[in-house]
Every structure is written in C-alpha cells, then in structure tokens.
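Some notes on the structure that comes next.
Since we're looking at a predicted model, the values are computed, not measured. Read the numbers this way: they start at 1 and go in the same order the structure lists the ligands and their atoms.
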Amino acid sequence: MKHISLLGSTGSIGVNVLAIVRQFLEHYKIVALAAGTNVQLLAAQIIEFQPELVSVCDEQRAAGLAGLLPYDCPTRIVFGEEGNNLVATLPKAQITVSAMVGAAGLLPTLAAIAAGKDIGLANKETLVMAGRIVMAAVLKKGVRLLPIDSEHSAIFQALEAGQKKDLKKIILTASGGPFLGMSREQLQMVSRAHALKHPNWTMGRKVSIDSATLMNKGLEVIEAKWLFDVEVEAIEVVVHPQSIVHSLVEYQDGSVLAQLGIPDMRIPIAYALSYPQRLPLQLPSLNLAQCANLQFQEPDNDSFPALQLAFSAIRRGGVLPAVLNAANEVAVEAFLAAEIRFPQIAETVARTMAIVNEGSDTSLSDILQADGEARWVARRLVQESLF
Ligand code: MG
C-alpha cells in the first residue's frame, strides 16, 4: 500500500490522481490533501478518501470546510503556507504529488523533498523557478522525482530504452493550441473563451492559456533541461496537433524513440504513481488507423514568441526563468480578467524580463525576490496598458 499526499487535489491533475486511487484502492491510500479555495469539492474528497490531514488556503476557508464535514470527521484541517508544508511532509506519506498551479508549488515541493518523499511532479513551475536547487536537493536526499507532465513522462519512458551517455536530443511535442495557424493580426482579436478551449486536452485555466501562447512548451523546455540534465541546445520543439506522440528522444546512433498514447492525463499520472510497474488502466486502445494523419511542423515563433522567450531565459539562466514564469502568471491572470489582449501576454513577459535585475539561481531567496519583483513590474505594465 502506497501512501500519497496530494497538493492541489481539486485541480484538473488532482482530480485525475484521485480517479486513479479510486480505481486501485488496493494499491494506494490518500493520507493528506491540499487545495486552494474549492472547499465544496475538497469536502466531498475528504468524505470519500478520509485523509488524516487537509490544508486550504486560509483560515476562513478552513472554518468553512469544517462546516461542510460531519461533526465526527477525524480529518485534521490546517491552512496557508504552513498547512501546505504539513501536507507535503506528513510522516506517513511515501510520495507527495505536487499538482498545485504556479509558483505556489515550489516551497511545499522543496519541503517534501527535504522530508525524503518521492515526488510526482505536475507543477512544472517548481523546476522552472528553481531547477538547480530542486535537483540538488533530490540528489542529496536520494528521492525519486517522477514526471507527471505528459511530455516529460514520455521522455522519461523513452530514456529507459538507452543510456544517458548515448542521448543526442530530446524532442518535445506541442499541440500548438487552439490558435495554431493564426497570424499576429488575427491573434489581436481572439477571445478568452476560445483561448480556454484546448483542442485535445481538458486542463485547468492557467495551463490552457499557456498552451495557447506556447508558453507552456517554453516552461516544459526549462523543466526538461533540469529533469533530464541536458543542455538547452539538445532540446527541440516540434508542433504535433494531434497530441498522440507525447514526445521523443534521439540517441546518437540515430534511433528515435517515442511514447504514444491517447491524450489522457491518467496515463502519465498512473506511471508516476506505479513506477516501475504499470497499472491496468482499462482505457480505450490507441487506434492509429483511426488517427489517420499524424502531422508535425515547426513552431511559428512570429505569432507565438513565448517559446523563444523561454529558450532565451534558460540560456541566460540565473533568476530569468523565475522572472519569465512570474510575469507570465500575472499576464495570464490579466488576460483572463479581460485587462489585456492575447498577444500582450508574451509582450508583458518580454518587457518584464528586460526590466528586472538578473541574479543567481543558487539562492532561493534571490529567486523568490526576483519572482516578487517580476510580479510587481508585470502588474505595472498591465496597468499602463489599460490607459
Ligand atoms: Mg505538458
């Protein structure tokens, strides 16, 4: 029986983690959950999975949650950053699944690593912001960092077929999002509702917008660099609109290995939970004849500049990836609040990167400071664009 602490239980990944646990109750037990503001769904999860401990974002929501539970419910309720850390490090947990949205995932994930937990990583921002520090901590504690991001799970699986020293290239696939093929002019006019409607995957709002701008792929390039310890030059991105080939690796003999599957997040989640075993998920088989044409094309860097911004941030290094990420979080929120247009998301990120001071990525406090500064600058830029 594997004991799981789940950070981000009410989000899209969290709900799918719980679906796997529900399907394999003989293998997994949820011991702790953390969520943000959705106390209704969290209450239902508590009643179903009976964790020891849960955390919500603040004291008010903790009280609201308690009111939704039976009076004799033994689950302990905590809140805030401290609450998240308690969930991430609960002694009983063997694996902590990090599935919170955005920068908020970094500190609890680091706390879980320090407490010796294996990590199922869905929160890519953790590695984008502090990849050097996180990977050093993983090495020091001897824990496993198992990717849940579908592309990284694909690469992780393809890497099992060879040796690291023989790896030549990592090829990340990108769906291209809902605006694939559009010009810069057309992108000026796109709606929020359209941006949120991903063609292949059902995902949360933040990652849906990131997919539409290609920033998601940029963040994944940075994530891959740290996770697989490769040079940025050895990472390529190819647009593959059908999301069937989840990513590929090329070895130095010219062999290219890919992982394919239907676009269903339960596949990478299950592999992270069951590694190195595989669970009988009973999903529909991939029918290649039905998929007909699998297409591949170069990313359009003119319409979607976010991807190159991410490449530039990780090449220059230091705190710049954290700055890129923070500015992007602010800009995505502003877009969702109808404060800026779609192309202004990447513009805000580019301008913030040019303003915020560079610094080293060996100090967590420098990274957090750069994150805060970038948020402040990006908000100012959004405000200015309103007038
Ligand atoms: Mg992904």
Lys124 and side chain to side chain donor-acceptor pair (under 3.5 Å): which single residue from Glu151, Glu220, His152 fits? Glu220

Please determine whether a side-chain nitrogen of the Lys or Arg among Arg76 and Glu52 lies less than 4.0 Å from a carboxylate oxygen of the Asp or Glu. no

Taking all non-hydrogen atoms of both residues, which atom of Ile13 and which atom of Ile269 are closest, and how far apart? O-CD1, 3.8 Å

Do the two ring centres, one from Tyr275 and one from Phe156, sit under 6.0 Å apart? yes

Would Gln157 and Arg278 count as having a side-chain donor-acceptor pair, cut-off 3.5 Å? yes

Using a strict threshold of under 4.0 Å (side-chain N to carboxylate O), is an ion pair present between Lys164 and Asp229? yes

Sort by chain and number the protein N/O/S atoms that are closer than 2.8 Å to the Mg ion (ligand 1), and list them. Asp149 OD1, Glu151 OE1, Glu220 OE2

